[in-house]
Amino acid sequence: MSEPAALYPVSRQHLEAMTDGVGILQHAIGKLPDPAHGYCVDDVARALQVDLLHGRTLGWEAVEQSAWRAFRFLNDAFDVPGGGFRNFRSIDGSWIGGLGSDDSYGRAVLSLGDTIATAPDRELVDAAAALIDQALPAARGLTSPRAEASVVLGCAAIPDSALGGRPA
């Protein structure tokens with residue numbers, strides 16, 4: 001049996017090309033970002049998860065700014081009165097429509113759970129824990145099995161120590 005081929009080194013080139021000061025743009029034309037469609041929580045949450053994975057290989061310093069940008073986007077997307085996350089944001093920074101879908105909510109919670117579980121930045125972990133604490137009550141109203149599964153996975157990722165010994 002032969003050894004598997006080595007993986008290509010991590011490259012953040014396209015990720016960085018798709019990202020501006022607000023977050024990752026949700027569409028591209030070829031390899032160029034298409035600002036006409038703005039941003040969405042789903043993609044920003046995925047970008048945060050990629051930052052966490054890349055941080056393991058490249059070191060936290062290489063992804064810290066990007067991870068914080070993604071977290072700030074999710075924090076801004078959280079709608080306190082509604083308890084969920086707005087999903088779509090235009091290129092000018094304004095939110096489009098009301099609360100997002102169950103799936104965008106689930107994706108946001110999953111990325112926050114992963115942040116709490118794996119980020120080496122205590123301040124980011126604490127901020128993600130505070131946000132997930134505010135967001136979790138809305139999980140009771142989910143009707144999408146995929147969103148429910150994302151919430152369960154996000155909560156399961158959180159170590160008991162991050163919650164001060166109380167269950168997720």
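Numbering starts at 1 and runs along the sequence shown.
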Participant: Between R12 and S66, is any pair of side-chain heavy atoms under 4.5 Å apart?
Facilitator: yes

Participant: Check whether D114 reaches the backbone of Q49 with its side chain - one donor and one acceptor, N or O, closer than 3.5 Å.
Facilitator: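 Such a contact is absent between D114 side chain and Q49 backbone.
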
Participant: If you define the side chain from C-beta out and look only at heavy atoms, does anything of Y105 sit under 4.5 Å from V41?
Facilitator: no

Participant: For the backbone of H27 and the side chain of D34, can you confirm whether one donor and one acceptor N or O come within less than 3.5 Å of each other?
Facilitator: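 No; zero donor-acceptor contacts below 3.5 Å.
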
Participant: Are side-chain heavy atoms of F73 and L48 found at a separation under 4.5 Å?
Facilitator: no

Participant: Is there side-chain contact between L99 and F85, with heavy atoms separated by less than 4.5 Å?
Facilitator: no

Participant: Does any part of the side chain of V44, heavy atoms only, come nearer than 4.5 Å to the side chain of V22, both counted from C-beta?
Facilitator: no

Participant: Side chains of W95 and N87, heavy atoms from C-beta outward: is any pair under 4.5 Å?
Facilitator: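 Not in contact.
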
Participant: For the residue pair L124 and E64, establish whether any side-chain heavy-atom pair is separated by less than 4.5 Å.
Facilitator: no

Participant: Using 4.0 Å as the upper bound for N to carboxylate O, is an ion pair formed by D126 and R122?
Facilitator: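 Here R122 pairs with D126 in a salt bridge, since their nearest N and O are under 4.0 Å apart.
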
Participant: Can you check side-chain contact (heavy atoms from CB on, under 4.5 Å) on L136 and V151, steps first, answer last?
Facilitator: CA-CA 8 Å; L136 277 178; V151 169; 4.0 Å; yes

Participant: Find out whether F71 and N75 are in side-chain contact, i.e. whether some heavy atom of one side chain is under 4.5 Å from a heavy atom of the other.
Facilitator: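 Side chain of F71 against side chain of N75, heavy atoms only: contact under 4.5 Å found.
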
Participant: Any Lys/Arg nitrogen of D42 or R107 sitting under 4.0 Å from an Asp/Glu carboxylate oxygen of the other?
Facilitator: no

